[in-house]
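Reminder, nothing fancy here: chain letters follow the sequence lines and each chain counts from 1.
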Protein chains: 2
Amino acid sequence: MGNHNLTSIEQPIAEFKVGVDNVIFSVDTQQNRLLILLVKRKKAPFANFFSLPGTLVKAGESLEDAAYRILSEKIEVDNLYLEQLYTFGEPGRDPRENQDIFGERYLSVSYFALVRYEDTHLITKGNPQAVWHLLNDSPKLAFDHNRILDYGYQRLKNKLEYSPIAFKVLPEVFTLNDLYQFYTTVLGENFSDYSNFRARLLKLGFLTDTGLKVSRGAGRPAALYRFDEEAFAVLQDKPLVFI
Amino acid sequence: MGNHNLTSIEQPIAEFKVGVDNVIFSVDTQQNRLLILLVKRKKAPFANFFSLPGTLVKAGESLEDAAYRILSEKIEVDNLYLEQLYTFGEPGRDPRENQDIFGERYLSVSYFALVRYEDTHLITKGNPQAVWHLLNDSPKLAFDHNRILDYGYQRLKNKLEYSPIAFKVLPEVFTLNDLYQFYTTVLGENFSDYSNFRARLLKLGFLTDTGLKVSRGAGRPAALYRFDEEAFAVLQDKPLVFI
DNA sequence: ACAAAAGTGTTTTTTATACACCCATGC
DNA sequence: GCATGGGTGTATAAAAAACACTTTTGT
């Protein structure tokens with residue numbers, strides 16, 4: 001009765017509802033804050049707890065479609081990166097499952113997303129409403145969502161090191177310092193020296209100087225760079241390190 | 001009607017059966033063959049096609065439990081590595097889904113496994129029976145299983161480069177040449193020079209010389225090494241490269 | 001003039017790559 | 001004694017890491 005190891009042949013096939021839960025990050029480059037999108041639950045279970053934005057998958061809808069649907073219900077955004085994260089499905093992970101052994105199961109396919117902060121508008125109508133929350137100060141979440149969030153943060157850090165997702169989310173043109181601040185905000189202060197970071201990135205050859213400059217208060221104006229898709233495509237397969 | 005983009009709010013929540021499909025690799029170190037475990041389907045859909053060994057998740061059973069259950073129904077093995085791979089769930093991926101829009105859906109949570117070849121016995125009773133197949137010569141599989149297999153092979157290659165899964169599957173003691181052959185079989189001939197591979201691995205410091213030697217035909221006897229869990233644990237977090 | 005921000009260069013250490021060569025055994 | 005598989009060493013190139021220094025702006 002509810003025994004996880006009871007897998008004898010006589011057990012019936014389980015019936016599942018499939019939820020998609022999104023771990024949506026953004027980097028506030030103005031204030032160097034790493035943010036996570038959360039919603040406050042109105043209903044039981046876990047009423048008044050924060051949770052990851054999620055939804056149940058509808059008939060005719062793919063998992064990825066469902067992930068994009070949640071996203072578009074909570075925020076408006078043009079620039080983002082999204083990929084599947086992990087699937088959580090042990091019996092008992094959702095209290096809505098019947099105690100009855102024939103009861104339905106709730107499975108969560110989680111998705112990882114990174115969105116451009118400046119570009120994102122929270123949708124205020126609709127319920128529950130989503131809010132940005134500091135990752136460093138994230139609360140106890142509903143269900144097993146803290147575990148999913150941790151998993152997502154690991155993925156974010158890994159992705160940043162060997163794939164160009166930052167450029168999906170930075171403005172069209174950016175300074176090398178913008179890029180460095182972005183990395184620092186996600187990976188922590190001492191992930192790399194600025195000078196070495198800069199040299200490494202420029203040597204890779206897919207950042208092109210636009211010739212434009214931008215001045216931000218005192219100090220020398222910074223050169224604006226652009227991510228060159230074509231130059232990057234050539235390197236696509238080689239193991240890249242952005243560290 | 002079966003439109004993937006039909007995600008309007010009126011659609012009902014889909015009902016899912018959840019399948020677990022395993023991509024099970026082994027390396028035949030005697031003959032340097034990379035093998036994949038397949039079963040021949042007896043029933044429609046895809047009768048007489050090979051497929052990955054899979055099962056539907058039962059009531060009270062976790063996804064991982066289901067993955068281990070398939071494994072144990074097809075093979076007996078003591079030494080293995082297993083982890084979740086990816087979840088495939090677009091509508092229409094399984095022909096058993098009703099055309100009816102209210103029909104049930106079939107979702108596949110795939111698992112990746114690496115097992116010790118010499119240690120593995122195929123279970124001959126039971127139906128359908130599993131057989132080892134050369135990865136390089138794998139047939140057209142049922143469902144979307146070729147896609148899952150490709151995904152699994154990518155994972156295998158990546159894992160080998162930065163995590164010590166090979167040692168889960170090699171014998172307790174092994175020669176550095178055994179290890180090198182293992183890597184070569186999976187990654188291809190020219191992944192690295194033997195001498196450099198050897199030097200790199202030994203420098204990492206988690207391979208301890210047992211003092212034992214083994215002689216294989218002509219030539220100098222080879223030193224037998226052992227994987228030292230404790231010495232490895234220290235390096236756990238640092239980015240490792242076994243290339 | 002000087003602080004602030006951007007950008008360049010140099011030095012040292014470590015790692016990768018490509019080899020050449022020596023060692024121990026069976027036949 | 002020589003082929004065979006095992007093992008060591010070296011020389012060069014490339015990359016990582018630390019840090020000093022110059023340039024260009026605003027005030």
Side-chain angles (χ1 to χ4, degrees), chain A residues 29-32 160-162 170-171 173-185 187-226 235 237-243, chain B residues 29-32 160-162 170-171 173-185 187-226 235 237-243:
Chain A
T29 35
Q30 305 302 300
Q31 296 176 71
N32 289 350
L160 221 53
E161 288 189 9
Y162 63 80
L170 283 167
V173 295
F174 49 86
T175 70
L176 287 175
N177 231 309
D178 291 340
L179 185 60
Y180 181 67
Q181 291 307 324
F182 189 99
Y183 269 75
T184 301
T185 302
L187 299 177
E189 270 308 324
N190 28 14
F191 81 96
S192 171
D193 186 327
Y194 170 62
S195 151
N196 293 328
F197 176 80
R198 188 189 160 82
R200 203 176 319 114
L201 266 289
L202 288 178
K203 191 162 23 171
L204 290 172
F206 52 72
L207 296 181
T208 48
D209 192 334
T210 61
L212 303 170
K213 306 259 176 204
V214 63
S215 206
R216 289 172 183 166
R220 179 172 172 175
L224 286 167
Y225 287 83
R226 179 191 308 282
L235 311 171
D237 299 319
K238 285 124 203 158
L240 279 188
V241 183
F242 299 73
I243 299 179
Chain B
T29 35
Q30 305 303 300
Q31 297 177 70
N32 289 350
L160 221 53
E161 287 188 10
Y162 63 79
L170 283 169
V173 295
F174 49 85
T175 71
L176 287 175
N177 231 308
D178 291 340
L179 185 60
Y180 182 66
Q181 291 308 325
F182 188 99
Y183 269 75
T184 300
T185 303
L187 299 176
E189 270 308 325
N190 28 13
F191 81 95
S192 171
D193 185 344
Y194 170 61
S195 148
N196 294 327
F197 176 79
R198 189 188 159 81
R200 204 178 316 115
L201 267 286
L202 288 179
K203 191 161 26 172
L204 291 173
F206 52 72
L207 296 181
T208 49
D209 192 333
T210 60
L212 303 170
K213 306 259 176 205
V214 63
S215 206
R216 288 172 183 165
R220 179 173 172 175
L224 286 166
Y225 286 82
R226 178 192 308 283
L235 312 170
D237 299 321
K238 284 124 205 157
L240 280 190
V241 184
F242 299 74
I243 301 176

Between B:Tyr180 and B:Phe191, is the ring centre distance below 6.0 Å? yes
Per nearest nucleotide of DNA chain D, the residue lying toward the 5' end, B:Tyr225 or B:Gly219, is B:Gly219
Separation of D:dT24 P from A:Lys213 NZ (nearest whole Å): 9 Å
Within residues 194-204 of chain B, residues whose heavy atoms come under 4.0 Å of DNA chain C: B:Ser195, B:Asn196, B:Arg200
Value for CG (B:Leu224) from OG1 (B:Thr208), rounded to nearest 0.5 Å, stands at 11.0 Å
A:Leu170/A:Tyr225 under side chain to side chain contact (heavy atoms under 4.5 Å, CB included): CA gap, chis, key distance, verdict: CA-CA 11 Å; A:Leu170 283 167; A:Tyr225 287 83; over 6 Å; no
I need the A:Thr175 OG1 to A:Asp178 CG distance, nearest 0.5 Å. 3.0 Å
If I take atom OH in residue B:Tyr180 and atom P in nucleotide D:dG7, what distance separates them, rounded to the nearest angstrom? 14 Å
In sequence, state the C-alpha distance, the side-chain angles, and the governing distance for A:Tyr194 and A:Thr184, and then conclude on side chain to side chain contact (heavy atoms under 4.5 Å, CB included). CA-CA 10 Å; A:Tyr194 170 62; A:Thr184 301; over 6 Å; no
I want to confirm an ordering. Mapping A:Pro221 and B:Arg220 to their closest nucleotides on DNA chain D, which one lands closer to the 5' end? B:Arg220
Value rounded to 0.5 Å, distance of CD in A:Gln181 from CG in A:Asn32: 4.5 Å
I need the A:Asn177 CG to A:Arg216 CZ distance, nearest 0.5 Å. 8.0 Å
Interatomic distance where CG belongs to A:Asn177 and C1' belongs to D:dT24 [whole Å]: 15 Å
Start and end of the DNA chain C segment that chain A contacts, any atom under 4.0 Å from a heavy atom: C:dA4 to C:dG9
A:Tyr183 side-chain N/O to A:Leu160 backbone N/O, donor-acceptor pair under 3.5 Å: yes
